[in-house]
Structures are given as C-alpha cells and as structure tokens.
**Student:** 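The structure follows.
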Amino acid sequence: MRRALRLRAESRQLERRELERRQFMTAEADVLGELRRLRARVPQLTGALAASTDGLVLAHDAAPVQAEGVAALTAAALGVALRLAEATGQGSFKELLVRGDDGYVATYAAGSTAVLTLLAEPRINVGRLHLEARRSSARIGQLVDGALERHENV
C-alpha cells in the first residue's frame, strides 16, 4: 500500500513538473530575445541564462558553459542565498554576485518563479551590470509569471 501511494505521489510530481516545463516554454522565445538584447547592451557579458528557481533552463545565450549545470548550481546557490537573507533579516532575495579571478557570476530574481544568471568578464562595470540586469530580470519575470498565469486560467 505504501509503495503504491509513493508511486502515485511520484507520478503526480512528474506530471506537475512536466506541466510547469510546458508553461515555462511558452515564454521561451520572448525570454531568449530579452537575453540577447541584454547581451547587446552589455558587451562584457559572456553568457546569460534564465531558469526556474528549481533549476529548469528556460532560455540561454551562453555558449561556453553547460546551461543545465549552471541552472542547477544557480538553484543550489539560490537556496543558500534565500536562507542567508532570511536568517539575517535582510528580506527576500533580490540578487547574488560572485567574483572570481576570471570574471563574475551574477544572479537576479526574475518574478516569483525564475532567476536570471549572467556571466561577465572581469573588466565589466558592476554598476552597469546591476542596472541592466535588474531591468532585464524584471522583464523576464513579467514574461514567465504571465505565461504561468495564462496556463493556470485555461
């Protein structure tokens, strides 16, 4: 009996994830267009990726990296960032910036269910990065949340 209940729950979870994936994909072309416009405005970006908060790639313009791996790592980092912001009383997650020897990785909240992750050269103007990324993440959030709302109303 327990096994049957567990299998049924797993089946429902898979169905839910597949439905979510299809809902996200309806916004894929628009999100990809926003990523490309962002990269055109900020030439020091070497990659851009929009993903769901649980690591599903929505769209990417990041040739030198494995998009699925970056999305999964973003989801893991997001989990830590959410807990850190909450534990320190800083409010809800907005953005995360990692600086490495060879550049930056920046992640921004994009609506209620998505994130924008950017890869940038070390010479980027970080203020400009934040300015442009915040605008794009807001737009991506509107696109993704809007796609989810349309599907929920169907």
Side-chain angles (χ1 to χ4, degrees), residues 8-98 103-120 124-154:
R8 186 179 307 153
E10 288 173 0
S11 176
R12 285 187 197 143
Q13 185 178 20
L14 287 173
E15 289 172 5
R16 205 172 322 122
R17 288 192 74 128
E18 179 59 24
L19 176 61
E20 182 181 78
R21 186 188 67 76
R22 280 187 265 133
Q23 291 169 335
F24 280 136
M25 293 304 123
T26 62
E28 181 180 12
D30 293 333
V31 171
L32 182 57
E34 183 61 34
L35 295 179
R36 289 182 175 153
R37 286 188 295 279
L38 174 61
R39 288 198 61 195
R41 290 191 313 268
V42 185
Q44 296 82 18
L45 289 178
T46 58
L49 168 92
S52 67
T53 54
D54 63 352
L56 175 69
V57 175
L58 304 177
H60 67 91
D61 189 12
V65 298
Q66 293 287 341
E68 291 80 12
V70 173
L73 288 169
T74 296
L78 179 62
V80 173
L82 288 167
R83 279 179 280 188
L84 182 60
E86 182 181 301
T88 58
Q90 302 304 313
S92 61
F93 171 80
K94 297 294 181 196
E95 55 198 48
L96 173 68
L97 180 68
V98 177
Y104 293 87
V105 179
T107 299
Y108 301 84
S112 61
T113 58
V115 292
L116 169 65
T117 296
L118 303 173
L119 308 176
I124 195 165
N125 176 320
V126 176
R128 173 92 190 277
L129 170 69
H130 286 322
L131 177 70
E132 295 292 347
R134 289 169 184 157
R135 289 177 182 161
S136 287
S137 66
R139 176 72 179 130
I140 289 168
Q142 291 172 345
L143 293 168
V144 173
D145 289 349
L148 289 173
E149 287 173 14
R150 281 191 301 277
H151 282 278
E152 287 174 359
N153 293 331
V154 172

**Student:** In Å, rounded to the nearest 0.5 Å, how long is the span from CD1 of Ile140 to CG of Leu38?
**Tutor:**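 If we round to the nearest 0.5 Å, Ile140:CD1 and Leu38:CG are 7.5 Å apart.
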
**Student:** What is the minimum heavy-atom distance between Ala77 and Leu96, and which atoms define it?
**Tutor:**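 Heavy-atom minimum between the residues: CB-CD2, 3.9 Å.
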
**Student:** Measuring from Glu95:CD to Thr107:OG1, what's the distance to the nearest 0.5 Å?
**Tutor:**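 Those atoms lie 10.0 Å apart.
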
**Student:** I'd like to know if Arg37 and Glu34 make a salt bridge, using a cut-off of under 4.0 Å between side-chain N and carboxylate O.
**Tutor:**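 The answer is yes: the pair qualifies as a salt bridge.
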
**Student:** Could you give the distance from CG (Asp61) to CG (Leu32), rounded to the nearest 0.5 Å?
**Tutor:**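 Here the interatomic distance stands at 6.5 Å.
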
**Student:** Applying side-chain contact (heavy atoms from CB on, under 4.5 Å) between Leu35 and each of Leu49, Leu116, Leu45, report the one that passes.
**Tutor:**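 Output: one option passes, namely Leu116.
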
**Student:** Hey, is the main chain of Ile124 close enough, under 3.5 Å, to the side chain of Arg128 for a donor-acceptor pair?
**Tutor:**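 Checked: no pair found.
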
**Student:** Determine whether Tyr108 and His130 make a side-chain contact, defined as any pair of heavy atoms from C-beta on separated by less than 4.5 Å.
**Tutor:**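 Of all side-chain heavy-atom pairs linking His130 with Tyr108, at least one is under 4.5 Å.
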
**Student:** About how many Å separate CG of Leu119 and CZ of Arg39, when rounded to the nearest 0.5 Å?
**Tutor:**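 Going from the CZ atom of Arg39 to the CG atom of Leu119 covers 8.5 Å.
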
**Student:** Between Ser136 and Arg41, does a side-chain hydrogen bond (donor to acceptor under 3.5 Å, both in side chains) hold up when you go through it step by step?
**Tutor:** CA-CA 11 Å; Ser136 287; Arg41 290 191 313 268; 2.9 Å; yes

**Student:** Would the distance check show the side chain of Gln90 and the main-chain N or O of Thr88 forming a donor-acceptor pair, the cut-off being under 3.5 Å?
**Tutor:**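 The answer is yes, because a donor-acceptor pair under 3.5 Å joins these two groups.
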
**Student:** Quick check for you: to the nearest 0.5 Å, what is the distance between Leu129 atom CG and Leu131 atom CG?
**Tutor:**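 These two atoms lie 9.5 Å from each other.
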
**Student:** Is the closest side-chain heavy-atom distance between Leu78 and Phe93 below 4.5 Å?
**Tutor:**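 When only atoms from C-beta onward are counted, Phe93 and Leu78 do touch, with a gap below 4.5 Å.
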
**Student:** Compare every heavy atom of Ala50 with every heavy atom of Val31, then report the nearest pair and how far apart it is.
**Tutor:**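 Residues Val31 and Ala50, closest heavy atoms: CG1-CB, 3.5 Å.
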
**Student:** Ignoring hydrogens, what is the shortest heavy-atom contact between Ala106 and Leu97? Give both atom names and the distance.
**Tutor:**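 So the minimum-distance heavy-atom pair works out to CB-CD1, 3.8 Å.
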
**Student:** Gly55 and Ala71: which non-hydrogen atoms are nearest, and at how many Å?
**Tutor:**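 Nearest heavy atoms, Gly55 then Ala71: O-CB, 3.3 Å.
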
**Student:** Counting only N and O atoms by type, is there a donor-acceptor contact under 3.5 Å from the side chain of Asp30 to the main-chain atoms of Leu143?
**Tutor:**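 No, because the side chain of Asp30 does not come within donor-acceptor range (under 3.5 Å) of the backbone of Leu143.
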
**Student:** Please report the closest heavy-atom contact between Ala114 and Leu58, naming both atoms and the distance.
**Tutor:**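 Result for this residue pair: CB-CD1, 4.0 Å.
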
**Student:** Going by distance alone, is a donor N or O of one side chain under 3.5 Å from an acceptor N or O of the other, for Thr53 and Thr113?
**Tutor:**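 Thr53 vs Thr113: no donor-acceptor pair found between side chains.
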
**Student:** Nearest heavy-atom pair of Val115 and Ala109: which atoms, and what distance?
**Tutor:**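 Answer, listing the atom of Val115 first, then Ala109: CG1-CA, 4.5 Å.
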
